[in-house]
Amino acid sequence: MSDYTPVPNFIRNIIAEDLKNNKNDGQVITRFPPEPNGYLHIGHAKSICLNFTLAAENNGRCHLRFDDTNPSKEDVEYTDSIQRDVKWLGFDWGEHLYYASDYFEQLYEYAETLIKEGKAYVCDLSAEEIREYRGTLTQPGKNSPYRERTVDENLDLFRRMRAGEFPDGSRVLRAKIDMSSPNLNMRDPVIYRILRATHHRTGDEWCIYPMYDYAHPLSDALEMITHSICTLEFEDHRPLYDWFLEQLPVPSNPQQIEFARLNLTYTVMSKRKLLQLVEGGFVAGWDDPRMPTIAGLRRLGYTPESIRDFCERIGVAKSNSTVDIALLEHCLREDLNKRAPRKMAVLRPLKVVIENYPEDQVEELEAINNPEDPSMGTRKIPFSKVIYIEEDDFREDPPRKFYRLAPGREVRLRYGYFIKCTDVIKDENGEIIELRCTYDPETRGGSAPDGRRVKATLHWVSASHAHPAEVRLYDHLFTTEDPGAEEDFKSCLNPDSLEVLTSCLVEPSLKGAALESKYQFERQGYFCLDPDSTAEKLVFNRTVSLRDTWAKIQKKLKK
RNA sequence: UGGGGCGUAGCCAAGUGGUAAGGCACGGGACUUUGACUCCCGCAUGCGUUGGUUCGAAUCCAACCGCCCCAGCCA
């Protein structure tokens with residue numbers, strides 16, 4: 001149905017080559033392996049899209065596997081939110097939902113196998129001692145004094161570790177590899193630690209837990225994963241990943257491939273920093289519309305389609321990069337432009353009385369729901385003597401290139417009439433509080449039979465029919481492109497990232513707005529109903545503004 | 001000073017020896033009952049640098065430079 005051609009990237013190339021060589025019997029099985037210790041963000045979306053798309057393109061499948069090997073940081077709140085977010089993005093793991101904790105028994109048995117073959121040993125060194133023995137980047141490490149324990153002793157000790165005979169942190173199981181390896185990961189890495197923490201799935205069944213480096217390759221192999229895609233920082237771990245697969249009788253031989261994680265301008269992406277924002281109260285929660293989390297983007301009004309399109313457009317490579325958030329916003333506008341019904345909403349109302357319009361008359365004017373899609377039909381909008389227009393659409397002393405309403409000037413009210421400003425009414429402080437205009441009855445619908453033209457078309461609402469609403473205007477969370485580079489990233493939080501407008505007026509048809517449905521408020525941007533809405537009070541979030549040439553011109557004029 | 005990676009436009013990114021795709025951003029124009037959308041035009045004699053191989057190099061070789069990651073009983 002579409003002419004969609006995937007953009008080549010190095011991982012697609014590797015898979016194409018593997019398929020050509022009939023590697024893995026032509027199978028492509030990937031996995032998305034989050035640790036349930038936080039909410040998913042747009043960076044995870046890149047990985048999710050990559051893994052699920054690669055599998056789908058090759059008639060394979062993608063597993064969702066929780067990498068839950070550290071119970072001290074994990075929680076079901078996160079396994080729940082992660083599943084919700086992956087589904088919302090539009091991906092389906094089918095029957096293939098797994099947990100590393102499902103493999104704890106098998107992983108334990110593999111560990112005994114390593115011990116029996118003299119490839120792992122129980123080490124009694126303290127954490128600090130292990131660090132000292134590990135050496136440095138430039139100096140080799142030295143062997144642990146416990147490195148040469150007998151198989152029987154190791155087996156006995158390891159079983160007693162599992163049985164809970166030793167206190168937390170007193171001993172670990174280590175792989176016996178090479179303390180002089182230039183790759184620190186190969187210097188007898190810890191593969192099991194004693195940790196008494198209640199696991200969100202296995203409860204108190206275990207007091208020893210496997211480390212990521214050990215559990216990950218084996219979990220992949222047990223699931224018959226063919227391509228295990230992870231981020232760049234794990235490149236150094238690949239030799240260890242392969243080492244475990246070589247040493248143990250695993251059912252398959254997955255290949256680890258690393259790509260560059262996503263960075264976006266004007267935001268932070270590390271789970272640690274996002275956690276700080278939530279816990280420090282700098283945002284309202286993981287789903288605060290300013291957060292780069294999937295939950296936050298969803299609440300802001302992003303569509304899954306736009307995020308998927310974005311993830312495809314940014315490409316996949318191995319160089320560290322920071323994508324301009326303007327690209328994300330572009331993908332959103334492109335999607336919403338095609339689909340969002342148009343509405344009229346006045347954010348900062350300015351009263352306009354049309355003096356020559358009959359006092360009690362109300363007309364129903366026909367408006368197009370979406371000029372990009374005629375099948376979306378039309379609707380009626382009430383028009384009457386008193387209306388509101390946008391404050392910004394009137395200037396008493398119009399600057400150069402301002403062609404909206406001004407004294408004596410004529411403009412069009414969208415789908416309505418041409419009006420001309422005849423008088424400006426101010427309060428005692430000199431603030432403009434009302435405009436007096438006249439309308440031309442011949443211009444109903446918005447065009448003049450005499451062919452005369454106006455430069456501007458304004459949106460408006462009828463005073464007696466409009467519905468009150470609150471509108472939340474969001475902007476980037478940070479004022480600098482790379483807040484992560486700052487001493488304290490919180491120092492460049494944008495004080496204007498949220499502006500709440502409480503006296504907005506929206507057209508009556510918005511009264512029945514549904515949660516998560518998107519609208520374009522004409523000439524302003526895309527908006528969606530926020531869950532904070534009540535029957536009394538509608539609350540809309542501005543997802544993204546429309547491109548604004550006038551704003552650009554103003555900026556230029558100021559210079 | 002060890003090891004692993006990466007350098008193509010302001011930001012992403014394709015390119016795998018035959019003469020620099022595409023997108024975003026930016027600038028100009030057309031159209032316009034959204035200053036939106038859409039459309040058109042422009043935007044790297046150049047691929048980190050310097051040498052070399054070749055009829056021909058972003059692609060191969062060498063040296064150098066710059067940036068990122070690694071010393072958790074985190075993932």
Side-chain angles (χ1 to χ4, degrees), chain A residues 7-9 13 33-35 37 67-70 72-74 123 125-127 130-132 134-141 168-174 181-187 189-195 208-209 211-213 215-216 230-239 258 260 262 265 271 310 313-331 333-334 337-338 342 344 367-368 371-372 401-404 412-416 418 443 445-447 453-459 481 520-525 545-553:
Chain A
V7 178
N9 65 51
N13 295 345
E35 184 190 12
N37 68 344
D67 229 326
D68 55 350
T69 56
N70 184 3
S72 65
K73 291 185 176 172
E74 298 156 6
C123 182
L125 254 25
S126 70
I130 285 184
R131 195 185 318 125
E132 285 160 19
R134 186 155 36 223
T136 68
L137 294 178
T138 52
Q139 284 164 234
D168 285 12
S170 59
R171 287 178 226 263
V172 294
L173 184 69
R174 294 227 256 167
S181 170
N183 181 343
L184 301 235
N185 295 119
M186 302 298 273
R187 318 240 263 228
V190 171
I191 60 181
Y192 267 94
R193 76 281 212 183
I194 304 173
L195 177 63
I208 58 172
Y209 290 94
M211 301 288 289
Y212 165 87
D213 281 319
H216 205 85
C230 62
T231 44
L232 249 30
E233 67 271 26
F234 292 104
E235 216 154 11
D236 286 340
H237 297 237
R238 192 169 63 225
E258 311 84 11
L262 170 68
T265 54
K271 276 192 195 173
F310 171 74
R313 291 207 208 190
I314 56 178
V316 178
K318 296 194 69 161
S319 58
N320 291 311
S321 60
T322 302
V323 176
D324 192 338
I325 198 162
L327 178 58
L328 214 211
E329 294 169 346
H330 169 82
C331 292
R333 289 190 185 106
E334 193 174 81
N337 177 48
K338 288 180 300 192
R342 314 283 122 126
M344 291 208 279
I368 294 166
E372 304 290 323
K401 291 193 176 176
F402 180 91
Y403 49 77
R404 275 112 94 145
R412 169 170 41 235
L413 293 175
R414 177 138 238 223
Y415 302 123
F418 285 9
T443 58
S447 53
R453 305 219 152 229
V454 289
K455 285 279 271 185
T457 300
L458 311 187
H459 59 277
E481 281 199 15
Q520 183 196 100
F521 289 177
E522 292 211 29
R523 304 206 306 133
Q524 304 194 106
S545 66
L546 251 28
R547 284 185 61 208
D548 191 350
T549 306
W550 170 236
K552 270 184 206 169
I553 293 170

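Order of the sequence lines fixes the chain letters, A, B, ..., with proteins taken first and strands second; residue numbering starts at 1 for each chain.
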In whole angstrom, give the distance that lies between atom [atom1] of [X] and atom [atom2] of [N].
{"X": "E35(A)", "N": "G72(B)", "atom1": "CD", "atom2": "P", "value": "18 Å"}
{"X": "E233(A)", "N": "G72(B)", "atom1": "CD", "atom2": "C1'", "value": "14 Å"}
{"X": "L232(A)", "N": "G7(B)", "atom1": "CG", "atom2": "C1'", "value": "13 Å"}
{"X": "L184(A)", "N": "G72(B)", "atom1": "CG", "atom2": "P", "value": "8 Å"}
{"X": "M211(A)", "N": "C70(B)", "atom1": "CE", "atom2": "C1'", "value": "14 Å"}
{"X": "N185(A)", "N": "G5(B)", "atom1": "CG", "atom2": "C1'", "value": "14 Å"}
{"X": "R238(A)", "N": "G3(B)", "atom1": "CZ", "atom2": "P", "value": "17 Å"}
{"X": "Y209(A)", "N": "A75(B)", "atom1": "OH", "atom2": "P", "value": "12 Å"}

For a quick check of understanding: with a heavy-atom distance under 4.0 Å over all strands, which category does [X] fall into, base, sugar-phosphate or nothing?
{"X": "R342(A)", "result": "base"}
{"X": "T549(A)", "result": "sugar-phosphate"}
{"X": "R547(A)", "result": "sugar-phosphate"}
{"X": "R404(A)", "result": "base"}
{"X": "L458(A)", "result": "nothing"}
{"X": "F310(A)", "result": "nothing"}
{"X": "L328(A)", "result": "nothing"}
{"X": "H237(A)", "result": "base"}
{"X": "P239(A)", "result": "nothing"}
{"X": "Y192(A)", "result": "nothing"}
{"X": "K271(A)", "result": "nothing"}

Taking only the [atom1] atom of each, what is the distance from [N] to [M] in whole angstrom?
{"N": "A30(B)", "M": "U16(B)", "atom1": "C1'", "answer": "42 Å"}
{"N": "C43(B)", "M": "G23(B)", "atom1": "C1'", "answer": "14 Å"}
{"N": "G28(B)", "M": "G46(B)", "atom1": "C1'", "answer": "24 Å"}
{"N": "A57(B)", "M": "G18(B)", "atom1": "C1'", "answer": "10 Å"}
{"N": "C61(B)", "M": "U53(B)", "atom1": "C1'", "answer": "7 Å"}
{"N": "A20(B)", "M": "G2(B)", "atom1": "C1'", "answer": "38 Å"}
{"N": "C55(B)", "M": "G48(B)", "atom1": "P", "answer": "24 Å"}
{"N": "G4(B)", "M": "C39(B)", "atom1": "C1'", "answer": "48 Å"}

Residue [X], side-chain heavy atoms: nucleotide from [options] that is nearest:
{"X": "D548(A)", "options": "G35(B), A25(B), G5(B)", "result": "G35(B)"}
{"X": "L546(A)", "options": "U34(B), C37(B), C74(B)", "result": "U34(B)"}
{"X": "R193(A)", "options": "A36(B), A75(B), U34(B)", "result": "A75(B)"}
{"X": "D67(A)", "options": "C73(B), G3(B), A75(B)", "result": "A75(B)"}
{"X": "E522(A)", "options": "A75(B), U34(B), G2(B)", "result": "U34(B)"}
{"X": "T138(A)", "options": "A75(B), G35(B), G2(B)", "result": "G2(B)"}

Given the rule in the side chain to side chain contact (heavy atoms under 4.5 Å, CB included) test, do I368(A) and R342(A) qualify, once you have shown the distances and angles that lead to the verdict?
CA-CA 8 Å; I368(A) 294 166; R342(A) 314 283 122 126; over 6 Å; no

Do the side chains of [Y] and [X] get nearer than 4.5 Å, heavy atoms only?
{"X": "W550(A)", "Y": "R404(A)", "result": "yes"}
{"X": "R333(A)", "Y": "S545(A)", "result": "yes"}
{"X": "T443(A)", "Y": "R412(A)", "result": "no"}

With a 4.0 Å cutoff (strictly under), does any side-chain N or O of [X] reach OP1 or OP2 of [N]?
{"X": "H330(A)", "N": "C24(B)", "result": "yes"}
{"X": "R134(A)", "N": "G72(B)", "result": "yes"}
{"X": "R523(A)", "N": "G35(B)", "result": "yes"}

Atom pair [atom1] ([X]) and [atom2] ([Y]), whose distance is rounded to the nearest 0.5 Å:
{"X": "I325(A)", "Y": "H330(A)", "atom1": "CD1", "atom2": "NE2", "answer": "14.5 Å"}
{"X": "E522(A)", "Y": "L458(A)", "atom1": "CD", "atom2": "CG", "answer": "12.0 Å"}
{"X": "I208(A)", "Y": "R171(A)", "atom1": "CD1", "atom2": "CZ", "answer": "13.0 Å"}

Can you check each nucleotide of nucleotides 9-18 of chain B against protein heavy atoms at under 4.0 Å and return B for base, S for sugar-phosphate only, - for none, in 5' to 3' order?
--SSSSSB--

Distance-minimising heavy-atom pair for S319(A) and A260(A)
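Heavy atoms only, the tightest pair is O-CB, 3.3 Å.
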
Closest heavy-atom contact between N37(A) and K73(A)?
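Looking at all heavy atoms of both residues, the shortest contact is CB-O, 3.3 Å.
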
Applying side chain to side chain contact (heavy atoms under 4.5 Å, CB included) between L262(A) and each of T231(A), V316(A), V323(A), report the one that passes.
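Exactly one pass, corresponding to V323(A).
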
Donor-acceptor pair (no angle test) under 3.5 Å: Q520(A) side chain, U34(B) base:
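For Q520(A), whose side chain was compared with the base of U34(B), there is a donor-acceptor pair (under 3.5 Å).
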
Is there a donor and acceptor pair, one atom on the side chain of D236(A) and one on the base of G3(B), closer than 3.5 Å?
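Answer is yes: a donor-acceptor pair is held.
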
With the criterion set at under 5.5 Å between ring centres and under 30 degrees between planes, would G35(B) be stacked on W550(A)?
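Yes; centroid distance and tilt both under limits.
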
Distance-only side-chain donor-acceptor flag, R414(A) / T457(A), under 3.5 Å:
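No, no side-chain donor-acceptor contact under 3.5 Å.
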
When the nearest nucleotide of RNA chain B is assigned to L195(A) and to G416(A) on a heavy-atom basis, which residue is associated with the more 5' position?
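The residue mapped nearer the 5' terminus is G416(A).
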
Go nucleotide by nucleotide along RNA chain B from the 5' end; which of Q139(A) and I194(A) gets its closest nucleotide reached first?
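Its nearest nucleotide being more 5', the pick is Q139(A).
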
Give none if [N] has no partner; otherwise give the nucleotide forming a Watson-Crick or G-U wobble pair with it, both distances under 3.5 Å.
{"N": "U53(B)", "result": "none"}
{"N": "C26(B)", "result": "G42(B)"}
{"N": "C6(B)", "result": "G66(B)"}
{"N": "G35(B)", "result": "none"}

Pairing residues for E258(A) by the side chain to side chain donor-acceptor pair (under 3.5 Å) criterion, not counting sequence neighbours:
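Partners of E258(A) under the side chain to side chain donor-acceptor pair (under 3.5 Å) test: R238(A), Q256(A).
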
Within 90° of 0 counts as syn, otherwise anti: where does G72(B) fall?
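In terms of base orientation relative to the sugar, G72(B) is syn.
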
